[in-house]
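Working notes, structure below.
Owing to the predicted nature of the structure, the values given are computational and were not obtained by experimental measurement. When a residue number appears, it is its place in the shown sequence, counting from 1.
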Amino acid sequence: MAPMNLHDLPSEVVHQILLLIQPTSLPTLELVSKQFSEFANQPLLWQHHCRDQFKYWNAVRNMKEKFASNVADTDWKELYSERYRIDRDITRRINSILANQTGRIQKSAEIVGYGLEAKDTLVSHCNIDDDADDVLARRSSAIQQWKELQSTGRVPLETALSAFDMFISCDDEVEFDTISVNLDSIAREVLEESPGLIDQTSRQQAIQVTNILRRKNFRGVQHTAHYHDLSNNFIGIALRDEQHQALPIVQAAIYCCVAQRIGLDAHPCGFPRHVHVIIKPPSGRDLDGRVGSPNTESPAMYIDPWRSSEETPKEELIMRLQTLKVRPSNFEALLGPSSTAEIIRRTARNIVTSVEMLPQIMGAGGHSNFPVTSPSAKDAIYGALWALLLLPEGASDEIRSQQERYIPYILRYVEQDFLLDLGLFQKNALACFQEQYHYEQLRDKVFRMVVDDGMPKKRKVRGVKRHESVRYKVGQVFRHKRYHYSAIITGWDVECEATEAWIAQMNIRSLPGGQHQAFYHVMVEDQSVRYVAEENIQVVTPESVTPGLMAIAGQHFKRWDQTAKCFVSNVRDEYPDD
């Protein structure tokens with residue numbers, strides 16, 4: 001019997017074998033023979049690799065349509081090649097960012113420029129055990145959604161709300177698509193639990209959806225003491241949490257998203273202080289299924305899914321407005337559907353309120369001492385400020401006033417905590433501020449930040465005699481001997497290099513070692529940045545790192561070294577021996 005070779009195998013078998021070969025090896029296979037060249041160029045093969053290796057695609061590519069269409073309608077090999085080139089380009093920039101602190105702002109902006117498609121590469125470079133994340137791609141996507149909402153008004157409510165989650169989460173379970181899939185699943189469960197729901201009247205459907213959602217724990221905040229918990233502002237957290245706790249505005253949004261999926265015309269209602277849901281009747285009928293008058297709009301109904309499954313009479317809402325001393329001329333607007341932009345603005349203001357209610361949130365100096373919370377207060381309020389900036393309301397003078405208010409705050413956060421977002425700030429914030437009074441001042445400050453980022457860092461080599469007194473290294477974890485907080489060392493000076501005013505204010509000269517001892521730049525688990533004398537440092541070697549430290553380390557270190565019990569530095573250009 002003559003030996004078989006690959007050419008003798010059925011084409012279906014060869015195709016299955018080629019699916020197991022790395023795509024980068026297929027061009028070599030093409031050189032083997034004309035038959036293998038044909039096999040290696042099959043559109044179905046390259047469609048598989050596009051689907052298998054790349055999860056995230058920019059919306060302009062219309063990938064859902066491409067995957068659903070005839071496979072021959074798309075040049076899948078060319079599409080894969082383009083994504084592969086993007087992957088290599090982003091990888092080169094990531095490696096450069098990790099190897100050298102110079103020019104990180106520009107490199108990060110270039111990565112963000114690839115949009116959502118950068119996320120695949122960023123995720124592939126993350127070590128899941130080190131809790132690294134892809135926050136740049138997430139924040140960029142969130143900002144683009146809010147800009148689209150402001151310009152067109154056509155961004156779905158769930159997507160616009162999900163943008164807040166992109167600022168505070170590095171969990172793959174919290175994505176625009178996954179949140180929509182979660183809502184799809186809830187809508188299917190509602191239909192499964194009530195088989196005859198589609199045949200009921202709109203009023204019956206609205207009440208039944210409320211009953212089912214409340215049985216699934218979508219019933220607001222269980223304990224009033226936790227009403228203002230920061231996590232209650234985020235739709236992604238509410239969907240994943242077993243108790244589904246959320247503020248009324250988020251619960252109302254979830255209800256509307258589910259109700260719309262089963263055919264109800266449901267929208268959040270802009271009632272002050274406590275968002276309700278308004279359900280309008282279908283065209284030509286009233287909520288009870290009766291044929292309506294062709295020239296008269298049938299009355300809508302109101303529901304408060306946060307408090308009850310019962311219908312809320314409109315008269316009761318009017319009485320509440322009167323109690324709040326609202327002008328009757330404003331009743332119609334407040335009892336009608338809210339725009340998605342208004343829901344985002346209200347959510348942003350709620351986030352600010354939740355952050356303000358956290359104890360000692362601003363601390364000394366107005367920015368540090370953020371408590372360790374889940375989600376991060378700093379990340380949350382940063383997202384809220386972006387939303388308020390990008391979705392202004394009112395006349396042009398009012399919009400300018402809002403921009404003048406929020407842009408300096410956002411820039412302060414960028415400067416102190418989100419430096420790699422400077423490209424996002426230039427493109428999406430500074431650009432809309434050009435006609436404002438302080439534009440040139442802000443532009444010059446941004447320019448100086450970019451120039452500073454491009455300047456090489458002064459190297460601090462351990463072998464130099466004057467550096468021999470510095471005991472600890474970048475990446476080591478320690479506890480403060482006096483204040484007992486945990487922190488990570490990010491840099492050091494041979495002696496205190498702070499200003500004379502700071503030295504006097506902190507009473508440094510009264511320390512046993514005074515100012516002529518090593519001082520360390522550190523990141524604290526409460527997300528503050530501090531300057532600590534060596535005598536106050538007690539290095540620890542923890543078996544694992546607290547979530548608070550891991551959350552802040554992702555932007556400054558490569559990974560956690562479990563063997564050495566310290567973080568691996570990515571500032572070797574400045575501290576080559578650490």
Side-chain angles (χ1 to χ4, degrees), residues 5-7 9-98 107-128 132-142 144-145 159 166 170 172-173 175-178 180-181 423:
N5 58 45
L6 287 175
H7 291 89
L9 294 174
S11 58
E12 295 83 358
V13 175
V14 175
H15 177 74
Q16 291 299 316
I17 293 173
L18 295 188
L19 291 179
L20 303 176
I21 296 176
Q22 286 295 321
T24 51
S25 299
L26 290 174
T28 303
L29 188 65
E30 292 182 44
L31 304 177
V32 174
S33 68
K34 181 178 180 181
Q35 184 178 4
F36 274 110
S37 177
E38 293 176 356
F39 280 132
N41 281 286
Q42 288 180 348
L44 198 60
L45 176 66
W46 290 102
Q47 183 196 58
H48 164 82
H49 288 308
C50 284
R51 190 195 302 271
D52 183 62
Q53 295 201 15
F54 302 113
K55 179 180 178 182
Y56 303 100
W57 299 85
N58 289 331
V60 295
R61 294 196 191 271
N62 297 317
M63 291 308 295
K64 286 186 178 179
E65 295 181 13
K66 283 185 169 68
F67 282 124
S69 301
N70 189 310
V71 68
D73 293 343
T74 301
D75 188 341
W76 291 101
K77 183 179 180 181
E78 175 57 31
L79 186 56
Y80 180 92
S81 298
E82 184 178 348
R83 286 300 306 270
Y84 180 73
R85 290 192 293 270
I86 290 173
D87 178 83
R88 291 186 62 185
D89 193 42
I90 294 173
T91 297
R92 179 172 58 83
R93 285 174 168 80
I94 291 173
N95 291 335
S96 180
I97 288 172
L98 293 176
K107 296 165 191 171
S108 299
E110 291 167 353
I111 291 173
V112 170
Y114 285 110
L116 189 60
E117 291 178 0
K119 184 173 173 63
D120 278 307
T121 311
L122 292 169
V123 170
S124 71
H125 283 270
C126 293
N127 184 327
I128 192 169
D133 59 45
D134 53 333
V135 290
L136 278 177
R138 289 172 179 269
R139 290 198 290 261
S140 175
S141 297
Q144 294 309 310
Q145 293 294 343
T159 302
M166 301 304 115
C170 59
D172 275 346
E173 293 183 16
E175 296 285 354
F176 293 117
D177 289 343
T178 55
S180 294
V181 168

Measuring from [X]:[atom1] to [Y]:[atom2], what's the distance to the nearest 0.5 Å?
X      : Y      : atom1 : atom2 : value
Arg51  : Met63  : CZ    : CE    : 8.5 Å
Arg92  : Asp89  : CZ    : CG    : 4.5 Å
Arg83  : Asn58  : CZ    : CG    : 7.5 Å
Ile111 : Ser140 : CD1   : OG    : 11.5 Å
Phe54  : Ile86  : CZ    : CD1   : 8.5 Å

Sub-4.5 Å side-chain heavy-atom contact between [X] and [Y]:
X     : Y      : answer
Trp57 : Cys50  : yes
Glu82 : Glu117 : no
Arg61 : Leu79  : yes

Contact summary for Leu116 and Tyr56, nearest pair of heavy atoms:
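Result for this residue pair: O-CB, 3.5 Å.
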Nearest atoms (heavy-atom pairs only) where Lys55 meets Asp120:
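Heavy atoms only, the tightest pair is N-OD1, 2.9 Å.
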Taking atom types as modelled, find out whether Tyr84 and Gln53 have a side-chain donor-acceptor pair closer than 3.5 angstrom.
no
